Amino acid sequence: MSKLVSLGLKKFLRTMKKLLPILCIALMITSCKNDVKPEIKEDLTQTEKAEFAIVIHGGAGYIRKDNISDEKEIEYRQKLEEAIRVGYNILKDGGTSLDAVQKTINILEDSPLFNSGKGGVFTNEGTCEHDASIMDGSNLNAGASAGTKTVKNPIDLARAVMENSPHVILSREGAEEFAEAQGLEIVDPEYFFTEKSMKALERVKASEQKKMASFYDTDIQNSKFGTVGCAALDKHGNLAAGTSTGGMTNKRWGRIGDSPIIGAGTYANNKTCAVSSTGWGEYFIRGMVAYDISALMEYKGLSLEEASKEVIQNKLPSVGDGKGNGGIIALDAFGNIAMEFNTPGMFRATMNDKGELYIGMFKD
Ligand code: ASP
């Protein structure tokens, strides 16, 4: 009996010896299968982390070489460079991304060239109503103001709302009252009067009367939007973004666009990216454009470039009747930059930690 058992055991061991390599291979295959990781995009980790970086926009729209004079082009380039250098210097000296965003936007707000602050476009009544927002990616704090007529630099108000009020968005007279109490610069609404904005309003009204274009249609598409925005990464690893605008020519009924809407016009999160939008606000709100880029990175592992392309080139044109146009500028925690738009042009500029400057206006 014991002989029989030892014979059986020997046979079993022999068979096992033969099967061992096969078993090992099978084991390896199953363990590899269990080890398959969800697809992770490598783009972010492959990038050498920048110490700091900054990107700005001055609006997206029908900005084409053939509809802008050489002199105007130079003016735009100079102002974009002046603005971005302000933010660059703050970041280089170890300042915060919030300061860089705010001070850079101040330069653009003070210029009549862009649709923000001084150069804000006119409402149907010929007034100027500003919207702005700012967001701190380190703690998801945010502040915004909408429909103000007397605050010289609406981005300053947005920051004050974020830092000195328990709220996120303040609007109209209440926001102006708060701005005054905060000691921000208040101006006569006349300050915002520019020939350019007046002509744009006349154009849009004339075509509206002739019924050549429906409200906010062809004429709006043929005019440059000109909102301004900035995203920055500082040496402390914090991201911030901000946006400031006069909105859209001929707006009425207290219309508020995407610019003061956190998640649509502005978004920042150290985990993903900082984004500022520009374009036809009604579509950017419904598309939650800025947050959508962040969400694609956070939940789907897309790179900044992939997420920005997806939202601007695929999602935005699929919102509503498909007329949504505009663009974004964005920055991730590694200093990667995206400047995506589906319009003929977008005023934009970037500077990296090596001091390299890029300025663009048209589709390159
Ligand atoms: N997004 C802005 C708005 O709809 C306009 C712009 O970007 O120029 O108010």
Side-chain angles (χ1 to χ4, degrees), residues 56-63 76 80 105 108-109 111-124 127-134 144-149 154-155 158 169 171-172 192 194 196-197 200-201 204 215-217 219-231 241-267 275-293 311-312 316 319-320 323-330 339-348 361:
I56 62 174
H57 72 75
Y62 279 70
I63 303 156
Y76 275 108
L80 289 168
I105 289 181
L108 300 169
E109 284 179 333
S111 160
L113 287 176
F114 302 95
N115 171 19
S116 72
K118 171 75 184 149
V121 296
F122 284 176
T123 64
N124 181 263
T127 57
C128 236
E129 296 179 4
H130 297 96
D131 301 336
S133 64
I134 195 162
S145 62
T148 57
K149 296 179 184 171
I155 197 70
I169 309 182
S171 69
R172 304 180 82 83
F192 299 111
T194 60
K196 180 195 76 168
S197 295
L201 180 63
V204 175
F215 188 59
Y216 282 157
D217 225 78
D219 261 302
I220 288 295
Q221 297 207 19
N222 285 336
S223 68
K224 299 171 217 50
F225 290 109
T227 290
V228 308
C230 176
T243 310
S244 182
T245 188
M248 290 178 87
T249 298
N250 202 27
K251 67 181 183 181
R252 50 191 135 176
W253 309 304
R255 181 259 188 194
I256 290 167
D258 60 312
S259 307
I261 309 294
I262 298 301
T266 299
Y267 195 74
V275 186
S276 170
S277 312
T278 174
W280 198 332
E282 278 69 10
Y283 294 86
F284 278 68
I285 293 172
R286 287 177 284 168
M288 266 291 124
V289 165
Y291 175 70
D292 215 30
I293 292 171
V311 174
I312 296 301
L316 183 61
V319 173
K323 287 182 187 164
N325 60 6
I328 56 97
I329 50 112
M339 295 180 286
E340 198 65 40
F341 49 98
N342 68 356
T343 46
M346 179 167 80
F347 295 115
R348 58 200 187 276
M361 292 171 66

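Atoms within a ligand are numbered from 1 in the order they appear, just like the ligands themselves. Everything numeric in this text was worked out from a predicted model, so none of it was measured.
An N or O contact shorter than 3.5 Å is missing between D131 and ligand 1 by distance. In terms of polar-atom proximity, G279 is counted as a contact of ligand 1, with an N or O under 3.5 Å from an N or O of the ligand. Between T227 and ligand 1, an N or O atom pair is found at a separation short of 3.5 Å. Considering backbone and side-chain N/O of G257, none are found under 3.5 Å from N/O of ligand 1.
Interatomic distance, CZ of R348 versus OG1 of T278, reported as 12.5 Å (0.5 Å rounding).
Numbered from 1 in the order shown, with element, the atoms of ligand 1 that lie under 4.0 Å from a heavy atom of G247 read 5 (C), 9 (O). Residue contact check: T278 has heavy atoms under 4.0 Å from atoms 6 (C), 7 (O), 8 (O) of ligand 1. Per-residue contacts place G281 under 4.0 angstrom from the following atoms of ligand 1 (heavy atoms of the residue considered): 4 (O).
Judged by distance alone, the side chains of S244 and S116 never bring a donor and an acceptor atom under 3.5 Å apart. Residues T123 and E129 have side chains that never bring a donor and an acceptor to within less than 3.5 angstrom of each other. Counting only N and O atoms by type, the side chains of S259 and T243 include no donor and acceptor under 3.5 Å apart.
Among residues two or more places apart in sequence or in another chain, the ring pair (Phe, Tyr, Trp, His ring centres under 6.0 Å) test is passed with H57 by none. Scored by the side-chain hydrogen bond (donor to acceptor under 3.5 Å, both in side chains) test, S197 finds T194 as partners (sequence neighbours excluded).
Remark: among candidates E282, H57, K251, R255, the nearest residue to atom 4 (O) of ligand 1 is R255, based on non-hydrogen atoms.
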